[in-house]
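Take a look at the structure set out below.
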Amino acid sequence: MNSAMPKQTEREPEIDQRFDAVVVGAGFAGMYMLHCLRQQGFSARVYEAGDGVGGTWYWNRYPGARCDVESLQYSYSFSEELDQEWHWSEKYSPQPEILAYANHVADRFDLRRDIRFETRVTAATFDEAANRWQIETDRGDRVSARFCIMAVGCLSAANIPPFEGIDEFEGPIHHTGEWPQEGVDFSGKRVGVIGTGSSGIQSIPIIAQQAETLTVFQRTPNYAVPAWNQEMDPEYERSIKTDYPALRAKARARPTGIFFPFNIKPALEDTPEERERQYQTYWDRGGLPFLGAYGDLLFEKDANETAAEFARRKIRAVVDDPDVADLLCPDDIFGCKRLCVDTGYYETYNLPHVKLVDVSKKPIERITKGGIVTDGIEYEVDMIVCATGFAAMTGSFEKIKITGRDGLPLTRKWEAGPRTYLGLSTVGFPNFFMITGPGSPSVLANMIQSIEQHADWMVDCMSHMRDIGAETIEPTQKYEDDWVEHVNEVAAISLRSTCSSWYVGANIPGRPRVFMPYIGGFPIYVQKCNEVMTNGYEGFSFEAGADTNAPPKIRNTDRWHVELDMDVLSPAAVAARRIPMI
Ligand code: N01
C-alpha cells in the first residue's frame, strides 16, 4: 500500500536554524503563504511531504481527477500577469494540468529554494520561554520559528478503513488520495472499488474502460450532476481575460466565492412545471451550480426534496436495470453531503462487466488474499481501489504532535471537535495560524480564494506585530467561544448539518460530530476578518512590549474589500447577518 510515497533524496538535516515562520505543506496554501511572507520581508521555511508542490493535486492522481469549480476561477488571483499568461485547456481542467499550474507558479515566483521536499513535520512545540515554535521533522531537522503556519489542506489525511484481513490481500491496494506517481494499469484486472463519493464517482467510469471486471462496493449512494466538461472556449477565455478582476470581484461577492447564475427564489413558489424547466436549465449547465436553481434548496426540506426527486429521475432514466438504479438513488437530502460532479458515472453501470454491490446493511466483513467479502459472498478481485475519503479538516493536524502553552496537545484541546477563532487560530497556541482551518469557509467556498484571503490576513497581522513590537498573538477565550457558538448556530440553519458527511466528521467511526466549516458565506466571513483587523485585531491579545494602540496598517488585505451582493446571498448568509456577528 501507499506506493505514492516518493523516494527520499539525500540532504543534511537543518539544525538550530531560525526562521520568522515555518509553513507546513507546499500545496496551494503553503506556496502562496511563502510568497506573501517573502514580499513582506519575513524569512520562511516550508516543509512538504511530497517530492513536489501541489498538495491535494500532487497526491490525488487517480484517473479522472479534475476540479469541479471552473478552472478560470479555481486559480490564484494575486497576480494579473499570472492570470493572463496561464491557459486552461478545459472548463474543468484535469489533475495533471492543475499540477502543471502549481509547478509553473513555483518556478515563476522562485518558490522552491525555501521548500524542503520529502520531509514530514512530526512535531511543533511552543517554547514559552523563547516565544518560539520548535519544529521537528522526519528528516532530523530541528529548527525554530516565531510563527507556525499550518497549510496542510482540509482533505489530505487519507482514510483507509481498518478492514479485517486487509494485510492479507495479495494484490495492490491504492487509496485515491495517495495515488502512485507512475499510474496504475487496470487492463486485464478484476478491480474492486470501495467508496462512491467524488473520488469514486470520478474514477469509476475510467477504471471501467480498462478493467476486465469492476465491482463497486457502495455504502451510501451520492447525488451527482453531470459536469458537461468541454475544451476551453477561446471566446469565453478572451472575454474573461479582458477584465479578469471583474470576474474575481463578482465571485468574491458570492457565498461560495464562485460566480455562477444563482436564483434566490424559494423552490415551492414555482409550479411543478416551472420547477421542472428550471431544474432542466440548471442540469444542462451542469456541475455544482445546479444548487443555485433555487435559493432555499439547502435550507428547506420540502424544497430540497423537489431537487432530489429530479436527480433520482435522471438516474433512473440512464441506468437500464431498475434494481441497480434503485441502489444508486440516494434517499437523503440533496447536496447534504458534498454534491458530486460526474462524467458518465451512471452510464458505467450499464456495462456488462461492471457490478454494484450494496454494503449499506451488510458491511464489508473482511478482505481475503484474493477478494472482498460481504454478506457471506467473496467477490474475487486482483486490485483494490479505496475511494474511502479523508479524516477531513483535522486529520492532518492529528498526524503532527502539536503542543501549545502549558504542554497542551492540540489533539486534547480538540478532542470534542475543533475550536478556533475565525478558523485562523486557537487559544493556547500563540503565533499558530491555520490556512482554511475549521471554523472558516474553507471547503464551502472556492478553496484558492479562501487560501489567498487567509494568507493575506496572516501576513498583514505578522507585519503589524513587527510594527508594534509584539512577540505573540493569541485569541482570547471569550472570542473563541463566541465564534464557535456562531459557527454552530449558522450551521444549524442549514440542512447540511443534518447528515452523516465528512463535514461533520461522521464518515469515520469515533470522530466527534461537529459541523466543521463556516457556512455563513465567504463575503460575510471576509468582512468579519477585515473588521477584526481594522479594530486592532479585536478578540486577540498581544504579548511582550506591544504598542497595542498603534492602528494596523493594511497591506495585502487591501484587496479583500468584498461587496455583499444581497440579491444572490444564500439564506444561510443572510441569516448569518441576522445572527449578531460577534
Ligand atoms: O471521499 P468521501 P472522496 N466501507 O468521504 C465510503 C473533495 N473531492 O475522496 O458515504 C464502505 O466523499 C463512503 O461511504 P459513506 C470533495 O470535497 C473533490 O470521494 O461514508 N464504504 C463514501 O462513499 C469531496 O467531498 C473532487 O457511507 C466506505 C466514500 O467511501 C471530498 O474531496 C474530487 C467505508 C468516501 O467518500 C472527499 O471525496 C474528489 C467503509 N468502511 C474529491 N468508509 C473534485 O471534483 C468510507 N466509505 C474537485
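Start at 1 and go down the list; that is how both ligands and their atoms are numbered.
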Identify each donor-acceptor pair in which a side-chain atom of residues 312-320 lies under 3.5 Å from a protein atom, sequence neighbours left out, and give them as a table.
unit_1 : atom_1 : unit_2 : atom_2 : d
Arg312 : NE     : Glu309 : OE1    : 3.0
Arg312 : NH1    : Tyr223 : OH     : 3.1
Arg312 : NH1    : Pro330 : O      : 2.9
Arg312 : NH2    : Glu305 : OE1    : 3.2
Arg312 : NH2    : Glu305 : OE2    : 2.4
Arg312 : NH2    : Glu309 : OE1    : 3.3
Arg313 : NH1    : Glu276 : OE1    : 3.4
Arg313 : NH1    : Glu276 : OE2    : 2.9
Arg313 : NH2    : Glu276 : OE1    : 3.1
Lys314 : NZ     : Gln280 : OE1    : 2.8

Checklist entry - Aromatic ring centroids of Phe390 and His175 under 6.0 Å? => result yes
Next on the checklist: Suppose we call two aromatic rings close when their centres sit under 6.0 Å apart. Are Tyr282 and Phe290 close by that rule?
Outcome noted: no
Item to check | Of all pairs that satisfy salt bridge (charged side-chain N to carboxylate O under 4.0 Å, His left out), the ones with a partner from residues 353-362, not counting sequence neighbours | outcome: Lys362-Asp375
Item to check | Pairs satisfying salt bridge (charged side-chain N to carboxylate O under 4.0 Å, His left out), at least one member in residues 53-78, at least two apart | outcome: Arg66-Glu90, Asp68-Arg338
Checklist entry - Can Glu168 and Arg366 be counted as an ion pair, charged N to O under 4.0 angstrom? => result yes
Next on the checklist: Show me, by chain and number, every protein residue that has a heavy-atom distance under 4.0 Å to ligand 1.
Outcome noted: Tyr62, Arg66, Cys67, Asp68, Leu155, Pro161, Phe163, Ile194, Gly195, Thr196, Gly197, Ser198, Ser199, Gln202, Arg219, Thr220, Lys337, Arg338, Ala387, Thr388, Gly389, Phe390, Trp502
